[in-house]
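Quantities reported herein were computed from a predicted structural model and do not represent experimental measurements. Below, chains carry the letters A, B, ... as their sequence lines are ordered, and counting in each starts from 1. Atom set for the values below is all heavy atoms of this structure, side chains included, hydrogens, waters and symmetry mates excluded.
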Amino acid sequence: QKEVEQDPGPLSVPEGAIVSLNCTYSNSAFQYFMWYRQYSRKGPELLMYTYSSGNKEDGRFTAQVDKSSKYISLFIRDSQPSDSATYLCAMKAGNYGQNFVFGPGTRLSVLP
Amino acid sequence: GAVVSQHPSWVICKSGTSVKIECRSLDFQATTMFWYRQFPKQSLMLMATSNEGSKATYEQGVEKDKFLINHASLTLSTLTVTSAHPEDSSFYICSAPPRQGRGEKLFFGSGTQLSVL
């Protein structure tokens, strides 16, 4: 079993739809959870960061962490064509310098 | 968010030459920086962890003599692809967690597309 699993997609939705992206993980030591957006041939951009369990909202984006289920989600409301990108989940245990573990990414296309 | 600058963004070189890629943290210090390689439509593959003032740690299967990493200061890490060959053509990305705090966030450079002819 991979340490972090994520459906690679591609996922196509119409403009204005609510998008749900998910990752599952196996390492219960992970405490820090992140979502990145990556456009083609660009570096990943940090979208959301969450520590431990709970929800976090920022504009059209909501991140959820359920540590008991080892499951994290990113919701995008009122999706726009500009949201078309690859979304990577990432997570990390406690110590500085310790490796971040990434999911394989989900390719999202929002169709106008 | 913190800014990581990566340069160059795009380079073409002849087979057998060496190419240096720079990664700078502009507004924070980074004791550690990570170097990734990414093939089209694939996820990030960690190549090595760069540590300021000490030797880099390479992932299994990554040739340390091929991919030279130097982390000379708290704001600069370099990756040199030595004697580049066409199979080294790829998208290379650096990243760094700020030294302040617990280093729980990771910020990426804009990436370097390397094409070896």
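Residue pairs satisfying the disulfide bond (SG atoms under 2.5 Å apart) criterion with at least one member in residues 12-72 of chain A, sequence neighbours excluded, are listed as follows: A:Cys23-A:Cys89.
Top candidate by heavy-atom pairs under 4.5 Å with chain A, chosen from B:Gln42, B:Gln6, B:Gln38, is B:Gln38. Ranked by heavy-atom pairs under 4.5 Å with chain A, the list B:Cys94, B:Gly109, B:Ser43 is led by B:Ser43.
Classification of the A:Phe102-B:Tyr36 ring pair by plane angle, with boundaries at 30° and 60°, yields perpendicular. The aromatic rings of A:Tyr36 and B:Phe108 stand perpendicular to each other, their planes meeting at an angle above 60°, with 30° marking the opposite boundary.
Heavy atoms closer than 4.5 Å to chain B are found in the side chain of A:Gln38, but not in its backbone.
You'll find the side chain of A:Glu3 reaches within 4.5 Å of the side chain of A:Phe30, heavy atoms only.
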